[in-house]
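All values derive from a computational prediction rather than experimental measurement. Quick note on labels: first sequence line is chain A, next is B, and so on, each numbered from 1.
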2 protein chains.
Amino acid sequence: MQLENVTSIRRGEEKRRYEDACGLAHALDLIGERWAMLVLRELAYGPRRFSGLKRDLTGISANVLTQRLNELEARGLVRRSRLPPPASVQVYEATQWGLEAVPVIARLGRWAARSPLHDPTLPMSHVSIIMSLQTLISPERAAGVTVRVERNEPRDCAVTFTGSPTAVAGVIHGGAPFETIQVDGDLDLARRFIDLFVLPEKVEAAPALA
Amino acid sequence: MQLENVTSIRRGEEKRRYEDACGLAHALDLIGERWAMLVLRELAYGPRRFSGLKRDLTGISANVLTQRLNELEARGLVRRSRLPPPASVQVYEATQWGLEAVPVIARLGRWAARSPLHDPTLPMSHVSIIMSLQTLISPERAAGVTVRVERNEPRDCAVTFTGSPTAVAGVIHGGAPFETIQVDGDLDLARRFIDLFVLPEKVEAAPALA
DNA sequence: CCGTATCCAATAAGATACTG
DNA sequence: CAGTATCTTATTGGATACGG
């Protein structure tokens, strides 16, 4: 009985930490658990509801999502808040500091895109495709252009790309024809927009097994 | 029997992946397992032997280290090689692509150093303190200075800092007095060297529990 | 609909002993 | 030294049930 209590208390407090002063080890103590960085990714462009997170994080179970959100909140990366009436629903949003990790994990994604094992045909979340616009933009090609990325209702758009995230990614990053999704507005501008983004060069396949 | 075979085959092949085209998700498929990024960190400045890795990755067990190294090798991040005679020992070294992840995970470490939960008094590896010199250098204060970081025997050094990684970190990053370690050579240069490094500002403590 | 809690099965991690 | 083998424990995921 006593021992069981001790165990359960410890479980909540210390979990499985790296006992290491290295900043990276601490980063992994903070956001190294399974799904944690992906939860943060989903919060990159503003507050989200539980059900939306669950839907977009394909494969996560409700109890794990609850646990990750609680941990991130306790560690100061995520805050619960309530949308103003009439919505009045509870949402989760990243704190300022939590948002500062986003460009770093985005660069991690850019690094991984060079992997020969990367499969871009898998489903992806809405946030992922948006984030890819920030990480895959070519500084040279975008010289003189200011690209601002935000989540919003489309208003007065010169061009809109409409479709599933995977299909839109296929057009913007994979060179798929416009017909595979819905592209409205200035098609020439659309083509110039797409040209701003360049996939990083693939690494040669691993020598041994895949 | 048949089913067991299928299970064991699958275990080796697919493990527990995120089925997500997002680059970040793939990065976590590659180096998201426990210890993987820390193994990569240890390889950041050159090849290492198994026993050295095991010693510096405090708390890792031999079987997990073996598994991580095999996975990283299969994924093209790490290569086994053999030191030239007379050493002739087997070592692990990061591939070019693997090394490209290092600055990214280093930035993750810098981000985490802002955490109020970070405890710099914990033990740290030799690699960690070296890496901190790259991540915590202040561009302003180091303007005009070229800092090159490498692993090597000390040769013709104007200043040397000798001590445990934690103690050296205490002097360089924590403002501890020189007497806590061994500092040889030009003490004034040592002081100017230390001034190049600035810890990032702490975030205010998390509101709820720690 | 928005979560939270609980139970169960599958895996990953940790501890330890052991072998070439 | 460089790992394997084995056993135990912890975490994860899936299903489902439950309260607001």
> Which pair of non-hydrogen atoms, one from A/Arg151 and one from A/Arg48, has the smallest distance, and what is that distance?
Replying inline: NH1-CD, 2.9 Å
>> Any base atoms under 4.0 Å from B/Arg80, or only sugar-phosphate, or nothing? Heavy atoms, all strands.
In response: sugar-phosphate
> If you take all heavy atoms of A/His118 and B/Ala21, which pair is closest and at what distance?
Replying inline: NE2-O, 2.7 Å
>> If the cut-off is 4.0 Å, is A/Tyr92 near the phosphate of C/dC2, judged by side-chain N/O to OP1 or OP2?
In response: no
> In whole angstroms, how far is the P atom of D/dC1 from the NZ atom of B/Lys54?
Replying inline: 11 Å
> Any salt bridge between A/Glu33 and A/Arg75, counting N to O under 4.0 Å?
Replying inline: yes
> Between B/Leu72 and B/Val39, which heavy-atom pair has the shortest distance, and what is it?
Replying inline: CD1-CG1, 3.8 Å
> Short question: side chain of A/Trp111, backbone of B/Trp97 - any donor-acceptor pair under 3.5 Å?
Replying inline: yes
> Atom CG of B/Asp29 to atom C1' of D/dT12: distance rounded to whole Å?
Replying inline: 15 Å
>> If I take atom CZ in residue B/Arg34 and atom C1' in nucleotide D/dT11, what distance separates them, rounded to the nearest angstrom?
In response: 11 Å
> Which nucleotide, D/dT12, C/dG14, D/dG3, lies nearest any side-chain atom of B/Phe50?
Replying inline: D/dG3
> So, is B/Gln67 close to the C/dA12 phosphate, meaning a side-chain N or O under 4.0 Å from OP1 or OP2?
Replying inline: no
> A/Tyr18 and A/Ala25: which non-hydrogen atoms are nearest, and at how many Å?
Replying inline: CD1-O, 3.7 Å
> To the nearest angstrom, how far is A/Asn70 atom CG from C/dT4 atom C1'?
Replying inline: 9 Å
> Does OP1 or OP2 of C/dC2 have a side-chain N or O of A/Arg49 closer than 4.0 Å?
Replying inline: yes
> OP1 or OP2 of C/dA12 less than 4.0 angstrom from a side-chain nitrogen or oxygen of B/Trp35, does that happen here?
Replying inline: no
>> List the residues meeting side chain to side chain contact (heavy atoms under 4.5 Å, CB included) with B/Thr58, not counting sequence neighbours, and say none if there are none.
In response: none
>> So if I take every side-chain heavy atom of B/Glu33 and compare against C/dG14, C/dA13, D/dG3, which nucleotide ends up nearest?
In response: C/dA13
>> Can you see if the side chain of A/Arg68 gets near the phosphate of D/dT12 - specifically, an N or O under 4.0 Å from OP1 or OP2?
In response: yes
> Taking the side chain of B/Val64 as heavy atoms from C-beta outward, which of C/dA13, C/dG3, D/dC1 is closest to it?
Replying inline: C/dA13
>> I want to check one thing: is the phosphate of C/dC1, taken as OP1 and OP2, less than 4.0 Å away from some side-chain N or O of A/Ser51?
In response: no
> Could you give the CZ-to-C1' distance, from A/Arg16 to D/dT12, as a whole number of Å?
Replying inline: 10 Å
>> Based on the rotation axes of five pairs at each end, what angle does the helix from C/dC1-D/dG20 to C/dG20-D/dC1 bend through, to 10°?
In response: 30°
>> Regarding B/Thr66, tell me which of base, sugar-phosphate or nothing describes its non-hydrogen contacts under 4.0 Å with the strands shown.
In response: base
> Rounded to whole angstroms, how far apart are CG on B/Leu69 and P on D/dC1?
Replying inline: 16 Å
> Rounded to the nearest Å, what distance is computed from the CG atom of residue A/Leu57 to the C1' atom of nucleotide D/dT12?
Replying inline: 15 Å
> If only atom types and distance count, is the side chain of A/Arg34 paired as donor or acceptor with the main-chain N or O of B/Arg16 below 3.5 Å?
Replying inline: yes
Check nucleotides 14-16 of chain D for protein N or O atoms closer than 3.5 Å to its own N or O atoms and list the pairs.
| residue | atom | partner | partner atom | Å |
| --- | --- | --- | --- | --- |
| D/dG14 | OP2 | A/Gly59 | O | 2.9 |
| D/dG14 | O6 | A/Asn63 | ND2 | 2.6 |

>> Under the criterion salt bridge (charged side-chain N to carboxylate O under 4.0 Å, His left out), I'd like the reasoning laid out for A/Glu153 against A/Arg155: C-alpha separation, chi angles, the key distance, then a yes or no.
In response: CA-CA 6 Å; A/Glu153 293 299 314; A/Arg155 283 195 316 265; over 6 Å; no
>> Can you measure A/Arg55 atom CZ to C/dG3 atom P for me and round it to whole angstrom units?
In response: 12 Å
>> Before you tell me yes or no, could you show the steps for B/Asp119 and A/Arg17 under salt bridge (charged side-chain N to carboxylate O under 4.0 Å, His left out), namely the whole-Å CA-CA distance, both residues' side-chain angles and the distance that decides it to 0.1 Å?
In response: CA-CA 12 Å; B/Asp119 179 1; A/Arg17 294 205 194 142; over 6 Å; no
